[in-house]
*Asks:* 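To start, I am sharing the structure in question, which I have written as C-alpha cells.
No experiment lies behind these values; they were computed from the predicted model shown. Numbered from 1 within each chain, the chains take letters A, B, ... in sequence-line order.
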Amino acid sequence: MSGFDQGRGSDVLDVHERARFEQLVLPHLDAAFNLARWILRSREDSEDVTQEAMLRAYRFFRGFHGGDARAWLLQIVRNTCYTWLEKNRPVELMTEFDEELHPQPSVSPEALAIAGDNRERLGRALETLPPRFREVLVLRELEGCSYKEIATITAIPIGTVMSALARARQRLQRALTQPPVQEANREL
Amino acid sequence: MSCDFTRTALHGYVDGELDASRSAEFERHLEACRECAKALETEESLRSGLQRNGLYERAPVGLRKKIRMELDAATAAPVAPRIPAWRWVALAASILLVASISWYAWPRGGTLGTQNPASPPFTAAELIDAHIRSLQPGHLTDVASTDQHTVKPWFNGKLDFAPPVKDFADDGFSLIGGRLDVLGGRNVAVLVYARRKHFINVFVLPTKEPDTPIHPPGLRQGYQWLHWRRQGMEYCAVSDVSVADLHELAQLIYQ
C-alpha cells in the first residue's frame with residue numbers, strides 16, 4: 001500500500017506525544033468527520049467511526065514521521081469507515097467500480113446549474129453514488145485535496161485519480177439531471 | 001464525447017493539476033473545440049454547486065470533547081516509577097498518618113481544591129472549546145450592544161455575581177456584547193470585544209483567591225489566552241489576536 005507507515009499499534013503514548021498529536025492531528029477533526037459522514041451517509045455512525053479512527057490514529061502516532069498529517073489521518077479514517085461498512089452494511093460495497101466512461105447524454109450546463117444549486121438535491125445525488133466515487137469527489141471538491149493526496153488517502157494509483165474523478169463527476173451529473181421520480185425508483 | 005481532450009485533459013485542467021505547457025495547450029484547444037468548452041462549463045458549474053452549498057459537515061462540538069477524554073485515558077501518566085510491594089505498605093502507612101494529621105490540622109470549611117492556586121478552575125481545553133464554540137454563527141453574543149450600560153444590567157438575575165463591564169472603543173477594543181457560558185461546570189459571564197476583524201472573549205467568574213498579576217500567555221490550537229485575578233473576579237481573555245493586543249486589553253480591564 002502506498003502512503004504512510006501506520007506503524008504498529010504499540011505502547012501507551014506519553015504526555016509529550018499527546019501534545020504533539022493535539023497540535024498536528026486533532027485540528028483535522030472536521031476533515032475526518034466530513035469524510036466519514038459522506039462515506040457512511042449518516043452523522044450518527046460517523047461520530048462513532050470518527051472517534052474510533054482518532055483513537056486508532058493515536059495508537060499509530062509513533063509511526064507518523066512528519067509530513068501531511070491530514071492525509072495521514074484521512075487514510076486511517078477511510079480504512080476505519082470501510083471496515084465498519086464491511087461489518088455493518090456489506091451490500092453497499094458490492095457496487096463495482098465502473099471502469100467504463102459512458103457516452104454522456106447531453107446535459108445542459110443551465111439545467112445542471114439549477115439542479116446543482118439545491119443543497120438537498122445535490123446531497124441526495126451525491127449519496128446515490130457508490131462510496132468509491134463519492135469519496136474522491138468529497139476529497140477533491142469539499143476537502144480541496146490534490147491528486148497526490150487523494151492517491152495517498154484512497155490507495156489508488158496517482159495516474160488513475162483523474163479518471164476516477166471524471167467518472168465520479170459524470171455519475172453525479174446523471175444523478176442530478178434525472179427527474180426526481182426516476183431517482184426515487186432507482187433507490188428501491 | 002468524441003474529443004480526446006475531454007477525456008485526457010479536461011479534468012486535470014479543472015483541478016489545476018496540469019503542468020504549464022499542457023495547460024496552455026488545452027487552452028488553445030478550447031478556443032476551437034465547442035465540445036470541450038461546453039464540458040468545461042458543465043464541470044465548473046457542478047464544482048461551484050458542490051462548493052457553495054454548505055455540504056461540508058463539521059464535527060459536532062461534543063465529539064471533540066469525547067475524543068480528548070479518550071486520548072487522555074490512553075495516555076501514560078507523567079511519572080510511573082515501579083515501586084516494590086513492601087514500599088506500598090510503608091506508603092499506605094505514611095498516607096494514613098499524613099491524612100490523620102491533616103484532619104486535625106486543616107482549617108474547616110476551606111475549599112478542598114487540589115488545583116494549583118495560580119491557575120483558573122477550568123482546563124485550557126475547556127477554555128479553547130468555549131472560545132471556538134462562540135465563533136460559530138449565532139453563538140457569539142446573547143446580548144449584542146456596544147453600550148456597557150445595556151450589557152451590564154443584562155447579566156442581572158442570570159448570574160449570582162455582577163461582572164464589571166466596560167467599553168474600550170477609544171483604545172481600539174470595542175465592546176460588542178455579552179453572553180452566558182459554562183466553564184468547568186460553572187456559569188460564567190463572557191464579554192465580547194472586537195479588535196479590527198478579530199473577536200476577543202473575556203470570561204469572568206467570581207473567586208475567593210487573592211489578586212494576581214496578569215500571568216504569562218498560554219497558547220493552544222493557535223489561540224492565546226491571558227489569565228489574572230482582580231478584586232474577587234477571575235478573568236480569562238482568549239483570542240487569535242497578537243499577544244501584544246491581548247495584553248493591552250487585559251491591562252485596560254485590570255486598571
Side-chain angles (χ1 to χ4, degrees), chain A residues 11-15 17-18 21-23 26-27 29-34 36-38 43 46-47 50-51 54-55 58-59 101-104 106-110 112-113 115-120 122-123 126 137-138 140-144 146-148 161-163 165-166 169-170 172-173 176, chain B residues 1-2 6-18 35 37-80 124-125 128-129 132 219-223:
Chain A
D11 333 32
V12 181
L13 274 68
D14 64 26
V15 283
E17 289 162 315
R18 166 79 167 80
F21 188 83
E22 176 97 31
Q23 210 184 6
L26 221 51
L29 177 62
D30 281 335
F33 181 81
N34 184 55
R37 154 69 184 84
W38 286 106
R43 279 185 73 89
S46 306
E47 278 201 47
T50 306
Q51 191 172 346
M54 266 298 181
L55 214 62
Y58 191 52
R59 275 190 243 113
L101 198 60
H102 297 286
Q104 203 168 354
S106 71
V107 174
S108 89
E110 295 77 24
L112 193 69
D117 213 16
N118 178 329
R119 192 204 180 276
E120 290 294 303
L122 204 50
L126 195 53
L137 274 177
V138 166
R140 175 63 217 150
E141 306 293 18
L142 301 186
E143 200 52 61
S146 67
Y147 285 7
K148 185 163 166 267
V161 173
M162 190 182 92
S163 59
L165 271 167
R169 285 172 174 146
Q170 197 187 78
L172 183 65
Q173 283 173 27
L176 264 176
Chain B
M1 190 178 301
S2 51
T6 318
R7 248 197 330 272
T8 56
L10 173 71
H11 291 270
Y13 180 77
V14 169
D15 292 322
E17 295 267 350
L18 296 186
E35 190 186 321
K38 190 179 162 214
L40 180 66
E41 198 185 334
T42 306
E43 292 308 337
E44 278 174 346
S45 128
L46 186 69
R47 142 161 308 170
S48 87
L50 282 167
Q51 291 177 345
R52 262 186 304 122
N53 277 289
L55 292 169
Y56 198 103
E57 297 204 19
R58 284 173 208 292
V61 177
L63 182 61
R64 199 177 295 267
K65 239 178 202 171
K66 254 195 262 173
I67 288 171
R68 282 218 177 90
M69 275 163 61
E70 290 224 28
L71 294 183
D72 286 338
T75 306
V79 272
I128 300 305
D129 276 348
I132 293 173
L219 175 70
R220 192 188 179 102
Q221 291 169 254
Y223 297 100

*Asks:* Provide the closest heavy-atom pair for A:W38 versus B:L55 in the form atom of the first, atom of the second, distance.
*Replies:* NE1-O, 3.2 Å
*Asks:* Is there side-chain contact between B:I67 and A:Y58, with at least one heavy-atom pair below 4.5 Å?
*Replies:* no
*Asks:* With B:Y56, which residues qualify under ring pair (Phe, Tyr, Trp, His ring centres under 6.0 Å), at least two apart?
*Replies:* none
*Asks:* Should A:R18 and B:D72 be marked as a side-chain contact (heavy atoms from CB on, under 4.5 Å) after you check the CA-CA gap, both sets of side-chain angles, and the distance that decides it?
*Replies:* CA-CA 8 Å; A:R18 166 79 167 80; B:D72 286 338; 2.9 Å; yes
*Asks:* Kindly compute the distance separating CD (A:E141) from CG (B:D15), expressed to the nearest 0.5 Å.
*Replies:* 6.5 Å
*Asks:* Using side-chain contact (heavy atoms from CB on, under 4.5 Å), reason through B:K66 and A:E47 one step at a time and then give a plain yes or no.
*Replies:* CA-CA 10 Å; B:K66 254 195 262 173; A:E47 278 201 47; 3.7 Å; yes
*Asks:* Measuring heavy-atom distances to chain B, does A:A31 have an atom under 4.5 Å in its side chain, in its backbone, in both, or in neither?
*Replies:*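 The answer is both parts of A:A31.
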*Asks:* Pick whichever of B:E17, B:R220, B:Q51 has the most heavy-atom pairs under 4.5 Å with chain A.
*Replies:* B:E17
*Asks:* Which atom names give the shortest non-hydrogen contact between A:M162 and B:G12, and what distance separates them?
*Replies:*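 Minimum heavy-atom contact is SD-N, 3.3 Å.
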*Asks:* side-chain contact (heavy atoms from CB on, under 4.5 Å), that's the test. Do B:V14 and A:L165 meet it? Break it down for me.
*Replies:* CA-CA 11 Å; B:V14 169; A:L165 271 167; over 6 Å; no
*Asks:* Is it the backbone or the side chain of A:S146 that comes under 4.5 Å from a heavy atom of chain B, or both, or neither?
*Replies:* both
*Asks:* Rounded at 0.5 Å granularity, tell me how far CG in B:L50 sits from CG in A:L142.
*Replies:*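 Answer for the CG-CG pair, B:L50 versus A:L142, is 6.5 Å.
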*Asks:* Taking the side chain as C-beta and beyond, is there a heavy-atom pair between B:R64 and A:D30 under 4.5 Å?
*Replies:* yes
*Asks:* Tell me, side chain or backbone of A:Q23 under 4.5 Å from chain B's heavy atoms, or both, or neither?
*Replies:*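 The answer is neither part of A:Q23.
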*Asks:* Is a donor on one side and an acceptor on the other found under 3.5 Å between the side chain of A:N34 and the backbone of B:R58?
*Replies:* no
*Asks:* Between chain A and each of B:A59, B:A125, B:A74, count heavy-atom pairs under 4.5 Å; write down the option with the most.
*Replies:* B:A59
*Asks:* Might you work through the side-chain contact (heavy atoms from CB on, under 4.5 Å) test for B:T42 and A:R169, ending with a clear yes or no?
*Replies:* CA-CA 10 Å; B:T42 306; A:R169 285 172 174 146; over 6 Å; no
*Asks:* Where does A:L172 contact chain B at under 4.5 Å (heavy atoms): side chain, backbone, both or neither?
*Replies:*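 Side chain only.
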